[in-house]
Number of protein chains: 2
Amino acid sequence: MARPQRRTVRDIRRGNRAVLLRALYFSGPTSRNDLTARTGLSAATVSTMTADLLGENIVVEAGQVESDGGRPRVLLRVNPEYGFAVGVDVAETHVRVGLFDLEMTERAKVDYMLRPARHDPELIARHILAGVEVVLSDAGVSPEQVLGIGVGVPGIVEPGADGVIHATTFGWDGVPLGALLRRGTSLPLYVDNGAKTMGQAELWFGSGRGASEAVIVLLGVGVGATIVADGTTFRGVSSSAGEWGHTKIVANGRPCRCGGRGCLEAYIGIEAILDRAGVTSRGDWEEDLAGVLASKSPVVEETVTYLGVGLANLVNLVNPEKIVIGGWVGVQLGESLLPDIRRATAANSLAEPYAATSIVLGRLGPDAVALGAATLVLEEFLNAPQVARITAAG
Amino acid sequence: MARPQRRTVRDIRRGNRAVLLRALYFSGPTSRNDLTARTGLSAATVSTMTADLLGENIVVEAGQVESDGGRPRVLLRVNPEYGFAVGVDVAETHVRVGLFDLEMTERAKVDYMLRPARHDPELIARHILAGVEVVLSDAGVSPEQVLGIGVGVPGIVEPGADGVIHATTFGWDGVPLGALLRRGTSLPLYVDNGAKTMGQAELWFGSGRGASEAVIVLLGVGVGATIVADGTTFRGVSSSAGEWGHTKIVANGRPCRCGGRGCLEAYIGIEAILDRAGVTSRGDWEEDLAGVLASKSPVVEETVTYLGVGLANLVNLVNPEKIVIGGWVGVQLGESLLPDIRRATAANSLAEPYAATSIVLGRLGPDAVALGAATLVLEEFLNAPQVARITAAG
DNA sequence: CATCTTAGTTCAGAGGCGAAAACAAGCACC
DNA sequence: GGTGCTTGTTTTCGCCTCTGAACTAAGATG
């Protein structure tokens, strides 16, 4: 029942151009000849299309490589300075703004600390807008060169132009962050859930690279997941798909801060782990968690079991080829306990889907949220790179 | 990271043809004029394309309708007799083979009872092949008119041409049913999990009609789900996605026939319900369940709660616009308890995704498995209806 | 019967792709 | 250095698809 759209001959060009650009982007420096093989396009088409892209400065030459006996291949690659993307991570404790070139190399960044419980939407919007100006001037990039701004936020982001957010932890219920930002900038905006942007980052540049069906889970203060179907983030009807943390693993179990009972997050969220271990934190959760892990307390094993149950449910329901465990809690747990986590998952999932899944740790650090947010911009660029742009760089 | 394919001008035609045919199929009798509006194609294209389709007998005229003042519109529709599809339901107690025309009207059917525990693959394959011959001759349809055979089976079906099946309840572990059938017929074969074919049927012709993001759950002896993403069944990497019945809702809970503990199926599968109610069945499960429901035993409320938890997990994780409850247990429960089920689901899911979801009962009876299996053939036909076929009908 | 209205068809033109020919640029060898 | 060989890239040409516009079809109306 998929609803295909009508197509016209122009769409072909656009689509093939995206295919070509993606191949170029992900294969690194590549010759035209290789591109015909990789894309399946004819040499003629590759030739004319690369000529266009070179003319628009989207693609640049990148040296030559000799070919045994014949004319050397000219290597091409996407011009990393054709444009830039801003990635923003709005977290509980800080707002981070990063500027990335098209290769996703960070060119500048700036942090704004948030006083606890100070999550005024206006303030956050001001931080973001100020941050954008700062990173641009730090890196010497002009606004015209920026392809867009991606923002990762906690909570659920409604689909639509206003970027309306529901984030219980912030006390935000229906905050139109996108609209607030729109007042201060005319650049394209992409607002998405932070777990999803992190997932996007791991999918494109981290441990999930190349996977077409995957789940990237984020274990931190909150617990979330990004479900990737057919290579793209699965969003569901109102963009909240992947709320794994509040799926129930114990009917009528421990109370959760969401108001429910028995949520996964109520067992393996960092606060839950510490609580179950009887630790009263003095502020440094990472240290606290390390202490629990070192203690050989039964809480560790229980945590692994609960996580295994949660992961197994994903294995059964989603049947991914890869599960990436990210977030700082996830990585800290996984470093020592990955085999146990795998075992616990296997014990709770069906044999066939479990056999098809590999469970790995995330590779990107906590900056992945901002990187992933910038990747939203990159994705758009790779999908529809047709607007001719004027750049000073090159 | 979706990987688009290169396209050539020919693909446009194929794609637009599919768009047109789908519009024609789902809008019923439609004029060319309406089709231009519905498909977005130009009148010229619609004209030439419908001429082709009429010439191939895929589409036929279906009367006229006057248009105020001008030339009357000629109505067109898909020729229901252009081809036929066979749908097969392989269940624990029987094998059912149905023949459907393109409008999915059943033209003939035949049942083969299976003795309990008699699930020899060869036997089942023979039943299916014999059944195909029977329904064809009963309906007076020749094999050349059949577009394909869809088969719904229990258990997990590996992707690939051999249709390899893992069905614990049948004692099948790696049975290549597709290959077995291939020996006896040269018609196109589509083998899929029965819960998925039922889901497909509800999605196309039942309560799920028109939904793009949906979940169709099947409650019966087993418990399963079909996850629909962007209008198509989501299969995961090895085609086993949707194994909802063995997701855990009580870590370390009741033992399940799958060997695990705390599976949803161990609470709301029919055997589990009866067991929890202390009923020792004398064979008629439907009656037993009716008895339990009438008894006002606390088991009923518990069952609703467990189901609510299971559904809530789907709401949170998948964020569907619609959940369809199917399967005979599902319908029997839902008939009296749907409001309670909704309440239990709401209590265990996040507010935003719950608000976006409507929970409804399935509309199609137990025949939906075979119908859905036939729909696999129909789907293929609507996607790529390009092979010119010779038919006697029309 | 002339005119109006709406439906459907035909035709010319633009834009796309691919096959193959042509061109480019090295290497090897005499 | 010239000649042929090999491989990479560009150009040419034919075929295909879509669309807009002109055109034909068919009924209603007065």
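Note on naming: letters A, B, ... go to the chains in the order of the sequence lines (proteins, then strands), and numbering restarts at 1 for each one. Given the structure is predicted, the values throughout are model-derived calculations rather than measurements.
With sequence neighbours excluded, no residue satisfies side-chain contact (heavy atoms from CB on, under 4.5 Å) with S186(B). Looking at residues two or more places apart in sequence or on another chain, you find a side-chain hydrogen bond (donor to acceptor under 3.5 Å, both in side chains) between D101(A) and R107(A). Partners of R182(B) according to the side-chain contact (heavy atoms from CB on, under 4.5 Å) rule, which considers only residues two or more places apart in sequence or in another chain, are T185(B), L189(B). Residues passing the side-chain hydrogen bond (donor to acceptor under 3.5 Å, both in side chains) test with E66(B), sequence neighbours excluded: none. In terms of the side-chain contact (heavy atoms from CB on, under 4.5 Å) criterion, residue partners of V157(B) (sequence neighbours excluded) are, by chain and number, V153(B), I165(B), V191(B). Applying the salt bridge (charged side-chain N to carboxylate O under 4.0 Å, His left out) rule to R32(A) yields no partners; only residues at least two apart in sequence or on another chain are considered. For S27(B), the side-chain hydrogen bond (donor to acceptor under 3.5 Å, both in side chains) partners two or more places apart in sequence, or in a different chain, are R38(B). Remark: V164(B) engages E158(B), D162(B), H166(B), P176(B) in a side-chain contact (heavy atoms from CB on, under 4.5 Å) (not counting sequence neighbours). In terms of the side-chain hydrogen bond (donor to acceptor under 3.5 Å, both in side chains) criterion, R73(A) has no residue partners (sequence neighbours excluded).
Under a 4.0 Å N-O distance rule, the pair R6(B)/D11(B) does not qualify as a salt bridge.
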Q.
Output one letter per nucleotide in nucleotides 13-18 of chain D: B when a protein non-hydrogen atom lies under 4.0 Å from the base, S when only the sugar-phosphate is that close, - when neither is.
A. ---BSS

Q.
I need a per-nucleotide contact map over nucleotides 1-8 of chain D, read 5' to 3'. Cutoff is protein heavy atoms under 4.0 Å; write B for the base, S for backbone only, - otherwise.
A. -----BBB

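Ranked by how close their nearest DNA chain C nucleotide is to the 5' end, E66(A) and A44(A) are led by A44(A).
Chain B approaches DNA chain C within less than 4.0 angstrom (heavy atoms of the protein), and the contacting nucleotides run 5' to 3' from dT5(C) to dG18(C).
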